[in-house]
Structures are given as structure tokens and as C-alpha cells.
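What follows is a single structure, written as C-alpha cells, with notes after it.
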Amino acid sequence: MIQFIAPLTTNGFFCDKFQEKLNKIEDLGGYIAGGCARAASRAFSIEHPASRYEDIDFFLDQNAAYDTIFTQFKEWFGYLGTNDYNGVEVDNFKSMDRKIQLIKQPFLAPEKQLERFDLSVCQAFIYDGHAHVSYQCWDDC
């Protein structure tokens with residue numbers, strides 16, 4: 001079982017418009033996990049490599065409304081298509097300079113999803129305005 005450092009606020013990390021979208025997606029069962037969540041924790045200085053991230057990965061919990069989330073993403077972001085990433089289907093979108101990925105399967109709670117990550121430096125997720133960073137992620141960074 002993954003252990004997490006105390007939840008860290010993400011206030012001000014995202015612009016207001018994106019934060020509103022994130023709140024809506026969370027209400028539908030989606031959440032951000034991976035490098036973006038690690039960076040949003042602000043646990044590392046802005047110069048530290050752990051503060052950088054390439055894309056924003058959205059995962060889905062066991063109660064997620066995938067079809068509704070996908071439709072919402074298509075309205076908000078430019079749809080780039082679907083591809084296979086290590087046996088998992090990923091819907092790709094673009095918003096300004098960021099790639100946004102909607103990971104289709106498996107639908108798991110954030111803590112369970114992170115157990116599947118092959119890189120511990122990405123074991124972080126955002127929920128309800130807070131970043132949750134695993135101790136392993138912290139140590140590895």
C-alpha cells in the first residue's frame with residue numbers, strides 16, 4: 001500500500017478556467033495523476049526537474065462517467081485521436097501548449113491507480129485542490 005506525505009494545496013497552480021474544468025471532471029470521477037500532479041504539489045523548487053511535466057494525464061475512478069468526460073474534453077480541447085500506450089487506450093487532446101491525455105482503463109481509485117505506475121517519480125495525484133505525493137516519489141525526486 002502506497003503511503004503519502006500530507007496533502008499539499010494546489011491553489012494557484014492552474015488558471016481559474018482550468019481549475020473550474022478540473023473541478024467538473026472530479027465531480028464526474030476523473031482526476032489528474034502523474035508528473036503534473038507532482039509539479040502542482042509545489043513540493044520542489046521551480047528549478048528542480050520534478051517541477052516540470054510534459055502533459056496532463058487524467059485517470060478515471062471506479063464510478064467515472066467516461067462518455068460524459070470524453071464529450072466534455074472534446075468541447076474544451078482539440079481532439080487529436082486515440083492511441084494505444086502500453087496496452088491501454090488513451091484519448092489525446094491539446095490545449096494551448098499542453099497535451100492532455102484521458103486514460104480509458106482501468107477505472108481505479110487514485111491510490112490503486114498509482115500502484116500500477118512503473119515510475120515511482122510519477123506517484124502523485126490531485127483531488128479536491130490538493131496534491132497527494134507518495135513518499136517513494138518524494139524520495140526518488
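Only this structure's heavy atoms are used, side chains among them; waters, hydrogens and symmetry mates stay out.
Annotation: Asp16, atom CG; neighbour count of heavy atoms from other residues, nucleotides and ligands within 6.0 Å does not exceed 12. Around CD of Gln62, the count of heavy atoms belonging to other residues, nucleotides or ligands within 6.0 Å exceeds 12.
Using a 4.5 Å heavy-atom threshold, the side chains of Phe4 and Phe125 count as touching. A heavy-atom distance below 4.5 Å is not found between the side chains of Asp57 and Ile32. Gln101 places none of its side-chain heavy atoms less than 4.5 Å from the side chain of Ile56. Put simply, the side chain of Arg98 does not reach to within 4.5 Å of the side chain of Phe77, judged on heavy atoms. Proximity of Gln19 to Phe13: side-chain heavy atoms (C-beta onward) are nowhere separated by under 4.5 Å.
Between the side chain of His48 and the main chain of Ile46, no donor-acceptor pair closer than 3.5 Å is present. Proximity of a side-chain donor or acceptor of Ser120 to a complementary backbone N or O of Cys137 within less than 3.5 Å is not detected. In this structure, Gln3 contributes its side chain and Ser134 its backbone to no donor-acceptor pair below 3.5 Å. In terms of modelled atom types and a separation under 3.5 Å, the side chain of Thr71 and the main chain of Asp67 share a donor-acceptor contact. When atom types are taken as modelled, the side chain of Arg42 and the backbone of Thr10 share no donor-acceptor pair closer than 3.5 angstrom.
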Thr82 vs Asn92, side-chain contact (heavy atoms from CB on, under 4.5 Å): CA-CA, chis, key distance, verdict: CA-CA 6 Å; Thr82 301; Asn92 299 286; 5.8 Å; no
Verdict with reasoning, Leu60 to Leu28, per side-chain contact (heavy atoms from CB on, under 4.5 Å): CA-CA 9 Å; Leu60 305 169; Leu28 295 169; over 6 Å; no
Intermediate values then yes/no, ring pair (Phe, Tyr, Trp, His ring centres under 6.0 Å), Tyr79 and Phe93: CA-CA 4 Å; Tyr79 180 57; Phe93 301 86; 5.3 Å; yes
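Listed by chain and number, the residues in a ring pair (Phe, Tyr, Trp, His ring centres under 6.0 Å) with Phe58 are Phe73 (sequence neighbours excluded).
If you look at Phe44 and Trp138, their ring centroids are closer than 6.0 Å.
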Pairs of donor and acceptor atoms involving the side chains of residues 103-119, under 3.5 Å and at least two apart or interchain, shall be tabulated with distances.
{"from": "Lys104", "atom 1": "NZ", "to": "Glu89", "atom 2": "OE1", "distance (Å)": "3.1"}
{"from": "Gln113", "atom 1": "NE2", "to": "Pro106", "atom 2": "O", "distance (Å)": "3.0"}

